[in-house]
Amino acid sequence: MSVPVAGSPLFVVFGATGDLMGRKLLPVLHAIDTEGKIPGGLHVLGVARKPWADAAFCSFAEENLQREPRGDPSTLVAWCRDHLRYHQLDESTSSGWMALRDRILAVEREWGLDGNRVLYLALPSEAFPSVVEGLGKAGLAEGPGWTRLVIEKPFGTDLASAQALNATVHRHFEEKQVYRIDHYLGKETVQNLLVFRFANMFIESLWNQRFVEHVQITVAESLGVEGRAEYYDATGALRDMVQNHLTQLLTLIAMEVPPTFGDNAVRDEKVKVLRSIEPIQPSDVVFGQYGEGESGGKKVPAYRAEPGVASGSTTETFVALRLRVSNWRWHGVPFFLRTGKRMPAKSTRIVVTFRAPPISFFRSETIYERNPDRVTIILQPEEGFDLAFEIKVPGHANRTQTHKMHFRYAEVFGPVADAYETLLLDVLRGDQTLFVRADEVEESWRLFDPVLRSRGSVTVYPAGTLGPPSAAKLVEETGHEWSEE
Ligand code: BG6
């Protein structure tokens, strides 16, 4: 995974005046360049509709980079001047695309670059097909060096649209040029899942239906819709979080050991997990929407009262579901997934609960509590894991107590890299392991498309709570409960 980046690539960002560019991409691109992670340096061409000149784009970049704690602020003006250019694109005409091609060639000449290009679509998903067509027709799918296309999520809104988008992409680009981003795959703990599982014999040998009782994946957020109502109200939690982020976590938890750690070997195994999941029944899913309530000690409005949300909106802000992975390893082990906005706290974790011993020698009717061993993999708010296991309480022959072994990345290694930094470096190095392949995205939609179609009503839950009570029942019906620690 740490192949060096050859040459001096041009990073072309479509949607360069938007929020993702300002908040995430610019700080990461700046850090990659100034920290010397690419020997030949990194140059950026921002592309958007706004009639900006290079200077206006530089001011936008400076403003955003001032907020970035990394690097020396006194060098920002010079960095922007030397590394950033802007092009106003008229995407409605072929001459507009030709003008873009000419501009790319011009900046490559100006900076003496070698024709290796990243084309990054930081755009609303409706714009993906026409931009991919425009790039293809202008001959920009190929260049003098390598060309890589990066597509943000959501990739399609259902199976048919994902298939159509893949077909458009493949008309112009080969799959080995395509990087579908899911930022969860760039998180350190998510990548560590593979090491944790496959480099530790004691974990991997227990990681199956014989020893695991059930698996829970929770991605809880305390924030509400936060000014993204237009996107979110048309999207909902299933499309925004479950089809991509939670599904990625599930496949990494459940996959078999790949024959190598090459991009396709890992992704083949993830696809096999998706193909092994039984169709999800309506009775396996709970949809919720936050109502009025409290968050962070303040009163917050109901989702339907948020600015930009339709007053009678039935969009879900919470989903809980139960899955079965019907393969040799996981047969009979329930997987529970849930995600929601306006839950009590930001918390992303995977809890793998092991079966209790078949007979406990330490059982005494009055004091025994059934406390199965658990591995909790924590992605947020901090990254690390806990291992909960039983120990004997001194002085009590039969008494056991649960204790946790605890590991946090930051305590051992200091702050971890932003997921986008990991992912952008992988794009520049040409490593597709942490990106979603065409068949993977389609398999995931194949699973969730029927869920969207058979979607029942949403149950309102008060903001600041754990979602509708029916989400708790979904787990309790199988004799378990959600783990909240
Ligand atoms: C994004 C979703 O992909 O992920 C957001 O569109 C969500 O709605 C965000 O808030 C969560 O990401 P993270 O890394 O903060 O868990």
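What you see is a predicted model, and the numbers here were worked out from it, not measured in a lab. First listed ligand is number 1; within each ligand, the first listed atom is number 1.
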Report each N/O pair between ligand 1 and the protein that falls under 3.5 Å, naming both atoms.
from, atom 1, to, atom 2, distance (Å)
ligand 1, 3 (O), K153, NZ, 2.7
ligand 1, 3 (O), H245, NE2, 2.7
ligand 1, 4 (O), H245, NE2, 3.4
ligand 1, 6 (O), K153, NZ, 3.0
ligand 1, 6 (O), R228, NH2, 2.8
ligand 1, 6 (O), D240, OD1, 2.6
ligand 1, 6 (O), D240, OD2, 3.4
ligand 1, 8 (O), R228, NH1, 2.9
ligand 1, 8 (O), D240, OD2, 2.6
ligand 1, 8 (O), K341, NZ, 2.8
ligand 1, 10 (O), E221, OE1, 2.5
ligand 1, 10 (O), E221, OE2, 3.3
ligand 1, 10 (O), K341, NZ, 3.1
ligand 1, 12 (O), H183, NE2, 3.2
ligand 1, 14 (O), H183, NE2, 2.7
ligand 1, 14 (O), K187, NZ, 2.7
ligand 1, 15 (O), K346, NZ, 2.7
ligand 1, 16 (O), Y184, OH, 2.5
ligand 1, 16 (O), K346, NZ, 3.3
ligand 1, 16 (O), Q380, NE2, 2.9

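- Residues passing the ring-ring contact (aromatic ring centres under 6.0 Å, His included) test with Y420: none are found, sequence neighbours excluded.
- At distances below 3.5 Å, at least one donor-acceptor pair connects side-chain atoms of Q432 with backbone N or O atoms of E175.
- By the 6.0 Å and 45° rule, R342 stacks over the aromatic ring of Y290.
- In this structure, R338 is positioned above the aromatic face of W482, its NZ or CZ under 6.0 Å from the six-membered ring centre and within 45° of the axis.
- Salt-bridge formation is not detected for the pair E443/K270: no Lys NZ or Arg NE/NH1/NH2 atom is positioned less than 4.0 Å from an Asp or Glu carboxylate oxygen.
- We find that K272 and E256 are not joined by a salt bridge, their nearest charged nitrogen and carboxylate oxygen being 4.0 Å or further apart.
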